[in-house]
Structure formats: C-alpha cells, structure tokens
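Heads up, the thing below is written out as structure tokens.
Numbering of ligands and ligand atoms starts at 1, following listing order. Quick caveat: nothing in here was measured; it's all calculated off a predicted structure.
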Amino acid sequence: MEAVDHCEAEKRVKEFDETKAGVKGIVDSGATKIPKMFIHPPEDLLQTHVDHDFRVPVIDLKDLDGSTERRKEVINEISKAAEEWGFFQIVNHGVPLHVMEEMLKEGAVNYFCNADLRASTPAGWRDSLSCNCQSIEDESNFQALPQVCRREIVEYSKHMTELREKLSKLLSEALGLSSDYFSSLGCFKLSTLLCHYYPVCPEPHLTLGTRKHSDISFLTLLLQDSIGGLQVLHQNVWVDVPPVQGALVVNLGDLMQITSNDKFKSVVHKVLATRLAEPRISVACFFSSEDKLKPYGPIKELLSEISPPIYRDNISYEEYVAYYRLKGQDGNSALSHFRLMN
Ligand SMILES: O=C(O)CCC(=O)C(=O)O
Ligand SMILES: [Fe+2]
C-alpha cells in the first residue's frame, strides 16, 4: 500500500515539476486549496513556542576600521552573537541599498524550481532559483542566467564577494585567530545564490515556506524583503527574524560549527508560508569550500586539553552533503553523525 502511495506521490511531484509554473502557477490558477504534496505534518506546523521577547542581534558595521577599539567592539559583538545565536543581522555592511532592492525586485519574475520537491517529503510553499556565483564571473556562463535578472544577479554577487572578505576576517578574529585564517582555509570560496519566491498561500496553516533545517555552508548571507516569516530556533523557542531595512541576515552553517569546534552555532530555522497579501522574496548566498574533497575538522588552534576536538578532522563538503541528503531534512541536525565518540 505504502509503495503504491509513494508511486502516486512521485507521479504528482513529476507532473507538478513538468508544468514549470511552480507554486506561483498554482496560486495564479486561483487555487483555494493546496495540493497534498505541500501539506506538512501537524508537529511541524504547531506554533506554540514563539517567543516575542528575544531579539535577534543587529550588529552595526559602521566605522569598523575607524579605530582598533571600534573593531574590537564589533568583533566582540559578532563573537557573542555567533556563540549564542548563530544568527544575526548586520547593517552598514557596504552593500548599497539599491543593489539589494533591485535584486529583490527583479527576482520576482523568474523562479521555476522547488529545491525540496521529492515524493517522500512535503514540499515548501515556494519556488526557488539557484546559481553559482563563480561561474557567472565568466561572461559565457553569464548568458545562462535569465535575462530579466542577469544584471541584478551579477551586481549583487559582486557585492557578496566583497562582503565575504570582510566577514571572513571578522569571523576569524572573533575566534581569536589571525584575520586571514578562514580565507587561507578556503572556507568561503564558493558562493551559491538561492533566490526564493514565496507566493501567498491560501492555506498557510497547512504548509511551510521552508521547513526547519540548518544550513550546510560555512556561512550564509540572507537578504529578505519586508514581508517576514523567517524564524530561528533559539533556546528551544521560535524567534522571528524581523525584516530590517538595509540589513542582511548572517547565519552560520554546520561546517562553521564543525571548524569552530561547537563554539559558533549552526541553528535551525524555517520560513512560514506567506499569509499576507503579497508574496515574500528572499535571496540566500551560501559560502562554502570550492574544493569539495578538502578535509575539514575543528581548527587546531582552538583545541586544548580542556577543549578537545568534538568532530573528526577529515570531513569533506562532499561527504557532509551526501549524509545530509541521505538523512533527509527531518529537522534534526546532521552534525551528530560526525561527532567523535568520547
Ligand atoms: O527564505 C529565507 O528567509 C530563508 C531561506 C533558507 O533558510 C535557505 O535557503 O537556507
Ligand atoms: Fe537556511
């Protein structure tokens, strides 16, 4: 029976995918009920633990290099936020507001796939588009981008590369390492853009925009519009990550938690299905190692007798991704699989 159901589900997913109209297409057709493949189990939909007192830290990078004291102050704030939250917002980061706004505006046009379309798991109420930033630096690949948003994507990804350099230094220093540490490890070398479009949902209580997960990356920079819906799990309660104009959300991924030997946290987050009258748009930029086979583990300089390694030292991006996918996005972290048995 289950096999028959699975076959049926797979067929539906395939049919939906082949329409190429995405979730937006379902909404545009005037549907008032959402298809079964988008319905999430009740335990993932309960919103009993939302806390409105916690505030995701917002860190101002203004005058970062104005003086040594100022830089220290910012690094302390980053270090605290990375340890306690794994999630924070940054303002005055140097990416011009118009570049961010154009990226969000142009984005609406061309979303076509849904990264979690699979028969076995409910899909998110969203369409997504992904591209590898390195490849678009090359003019010939650049042609592969949808023309309507080509200019915006290229412009935005240039700024992401600049900001990556800044954050790479700050995060190294926040761990007490030399500022070029992460850069020399090549941790942020590869950047992938994932643009999400969350259409308004007729039954938002039955689905999620993005189900709970932690990112695999070393670092994720997220641009969100003013709609809201992103939540992060902090001290076991869901906390809103409110839209702040001009801000970017910084979110540390599983590989950062491994290399920092659990000092910095990769936290679980999710996006509620859009309830308001307007669709939500966000753009995530994931930074990870270009060399998918390079072994990573806890940074030696952070280890001592009282702080022994928590993970093995030969985890490649490829291996991590393979396990993450195999495990499925059940909301539990893939990290525990890579912990050393002490
Ligand atoms: O859309 C968002 O705000 C978050 C998306 C996200 O978590 C992801 O792409 O990993
Ligand atoms: Fe994420």
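- Under a hydrophobic-cluster definition in which Ile, Leu, Val, Met, Phe, Trp and Tyr are linked whenever side-chain heavy atoms come within less than 4.5 Å, directly or via other members, Leu208 and Leu276 are assigned to different clusters.
- A heavy-atom distance below 4.5 Å is not found between the side chains of Leu252 and Phe218.
- A distance below 6.0 Å separates the ring centres of Phe188 and Phe182.
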Less than 3.5 Å apart, N/O on ligand 1 and N/O on the protein: could you list those pairs with the distances?
{"from": "ligand 1", "atom 1": "1 (O)", "to": "Tyr198", "atom 2": "OH", "distance (Å)": "2.6"}
{"from": "ligand 1", "atom 1": "1 (O)", "to": "Arg280", "atom 2": "NH1", "distance (Å)": "3.0"}
{"from": "ligand 1", "atom 1": "1 (O)", "to": "Ser282", "atom 2": "OG", "distance (Å)": "2.6"}
{"from": "ligand 1", "atom 1": "3 (O)", "to": "Arg280", "atom 2": "NH1", "distance (Å)": "3.2"}
{"from": "ligand 1", "atom 1": "3 (O)", "to": "Arg280", "atom 2": "NH2", "distance (Å)": "2.8"}
{"from": "ligand 1", "atom 1": "7 (O)", "to": "His213", "atom 2": "NE2", "distance (Å)": "3.1"}
{"from": "ligand 1", "atom 1": "7 (O)", "to": "His269", "atom 2": "NE2", "distance (Å)": "3.0"}
{"from": "ligand 1", "atom 1": "9 (O)", "to": "His196", "atom 2": "NE2", "distance (Å)": "2.7"}
{"from": "ligand 1", "atom 1": "10 (O)", "to": "His213", "atom 2": "NE2", "distance (Å)": "3.0"}
{"from": "ligand 1", "atom 1": "10 (O)", "to": "Asp215", "atom 2": "OD1", "distance (Å)": "3.2"}

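- Ring centroid separation for the pair Tyr311 and Tyr296 does not come in under the 6.0 Å cut-off.
- If you look at the Fe ion (ligand 2), the protein N, O or S atoms less than 2.8 Å from it are His213 NE2, Asp215 OD1, His269 NE2.
- Atom CG in Leu335 sits 10.5 Å away from atom CD1 in Ile216 (nearest 0.5 Å).
- Under the 4.5 Å side-chain criterion, counting only non-hydrogen atoms from C-beta, Asp291 is not in contact with Tyr317.
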**Message:** For a salt bridge (charged side-chain N to carboxylate O under 4.0 Å, His left out) check, start with the C-alpha distance between Asp180 and Lys169, then their side-chain angles and the critical distance, and finish with the verdict.
**Reply:** CA-CA 6 Å; Asp180 64 349; Lys169 288 184 185 146; over 6 Å; no
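- Glu319 pairs in a salt bridge (Lys or Arg N to Asp or Glu O under 4.0 Å) with only one of the listed residues (Lys294, Arg312, Lys292), which is Arg312.
- For the pair Lys265 and Trp85, the cation-pi test (distance below 6.0 Å, angle within 45°) is failed.
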